[in-house]
Amino acid sequence: MKRTTRLGIMGGTFDPIHLGHLVAAEEALVQFNLDSVCFMPTGRPARKDDRAVTSPEHRYLMTVIATAANPDFDVSRLEIDRPGLTYTVDTLRVLRETHGPATELFFITGADAVWEIVTWKEAESFRDLATFIAATRPGYDLQTAREEHAEELARIRIEFIEVPALAISSTDIRQRVVERRPIRYLVTESVAAYIRKYELYQEAR
Ligand code: ATP
Ligand code: MG
């Protein structure tokens with residue numbers, strides 16, 4: 001009998017995708033023995049409607065070119081093709097239905113984002129839909145965080161991993177482009193070239 005498939009999902013705005021995202025996905029893949037990780041760029045992120053986000057097509061294509069060389073990484077158009085605001089719970093429900101009970105879902109996210117998770121729409125359904133894999137930076141005080149967020153933690157299934165590249169953020173990369181500072185080695189060369197070609201992030205927003 002075929003064992004269950006273990007599918008990782010890396011949701012994000014990916015504006016742009018950077019090495020922190022890629023390292024976190026790879027680390028989750030290996031540590032949790034996942035079969036693949038599916039990157040899922042958000043359509044209109046529910047929690048980021050305060051700033052103008054780059055077009056979904058640019059963010060999707062950057063995610064594709066950044067992950068293209070890795071046979072264990074895929075990219076999904078599910079969220080960018082869906083109209084309206086993006087809620088992770090809806091995405092996980094669709095994935096649960098399309099993949100069926102033989103697939104176990106793992107939602108990969110930064111640890112800081114995890115504490116917001118329980119404020120998301122219908123957070124109580126997450127337990128039945130997926131296990132969260134939360135990326136923490138080396139030296140992160142997991143014990144204290146666990147104690148402080150005991151109530152939230154009780155509502156979800158969650159595991160923690162250490163990711164060395166956690167200081168990298170899309171916000172910093174966009175700022176660097178505005179200020180003409182280097183982004184090399186923070187994003188893949190393909191993404192850096194794509195940003196130059198389409199002159200993304202040239203102006204502060
Ligand atoms: P922004 O600065 O615009 O918020 P971001 O760098 O946080 O962007 P997102 O697209 O918002 O990138 O993040 C997608 C997911 O990846 C989130 O779960 C986030 O916590 C996680 N993440 C972001 N940066 C890193 C990193 N350097 N290492 C590991 N995980 C990360
Ligand atoms: Mg973020």
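Along the sequence shown, residues are numbered consecutively beginning with 1. Note that this is a predicted model, so its numbers are computed, not measured. Read the numbers this way: they start at 1 and go in the same order the structure lists the ligands and their atoms.
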**Q.** Ligand-side contact atoms (ligand 1) for residue partner F14, heavy atom cut-off under 4.0 Å
**A.** 10 (O)
Q | Ligand-side contact atoms (ligand 1) for residue partner S169, heavy atom cut-off under 4.0 Å | A | 2 (O), 6 (O)
Q: Could you tell me whether the side chain of R77 reaches within less than 4.5 Å of the side chain of E57, counting heavy atoms only?
A: yes
(Q) Closer than 4.0 Å to some heavy atom of R174 - which atoms of ligand 1 meet that? (A) 3 (O)
Q | Contact (N/O only, under 3.5 Å) between D15 and ligand 1 | A | no
Q. Do V163 and ligand 1 have an N or O pair less than 3.5 Å apart?
A. no
(Q) Please check whether G110 reaches ligand 1 - meaning an N/O of the residue sits under 3.5 Å from an N/O of the ligand, judged on distance alone. (A) yes
(Q) Closer than 4.0 Å to some heavy atom of G11 - which atoms of ligand 1 meet that? (A) 14 (C), 15 (C)
Q | Within-4.5 Å side-chain heavy-atom neighbours: L200 and Y194 | A | yes
Q) How about L95 and M40: do any of their side-chain heavy atoms sit closer than 4.5 Å? A) yes
Q | Where ligand 1 meets M10 - atom numbers and elements under 4.0 angstrom, heavy-atom basis | A | 15 (C), 16 (O)
Q. Considering only heavy atoms of G12, which atoms of ligand 1 have at least one such atom less than 4.0 Å away?
A. 10 (O), 14 (C)
Q: Decide yes or no for R127 and I156: does some side-chain heavy atom of the first lie under 4.5 Å from some side-chain heavy atom of the second?
A: no
Q: Scan F39, F73, F14 and name whichever one has a ring-ring contact (aromatic ring centres under 6.0 Å, His included) with H21.
A: F14
**Q.** R82 side chain vs G43 backbone, donor-acceptor pair below 3.5 Å
**A.** no
Q) Evaluating non-hydrogen atoms only, which member of H21, Q175, M40 is closest to atom 23 (C) of ligand 1? A) H21
(Q) Suppose I only count heavy atoms of T109 and a 4.0 Å limit; which atoms of ligand 1 are within that range? (A) 18 (O)
Q: Please work out which of A135, S170, A167 has its closest non-hydrogen atom nearest to atom 5 (P) of ligand 1.
A: S170
Q) V30 and I133: same hydrophobic cluster, using ILVMFWY side-chain contacts below 4.5 Å? A) no
Q. Considering only heavy atoms of T171, which atoms of ligand 1 have at least one such atom less than 4.0 Å away?
A. 1 (P), 2 (O), 3 (O)
**Q.** Crowding at CZ, R184 (>12 non-hydrogen neighbours, <6.0 Å)
**A.** no
**Q.** Validation row: L19, T188 side chains within 4.5 angstrom (heavy atoms)
**A.** yes
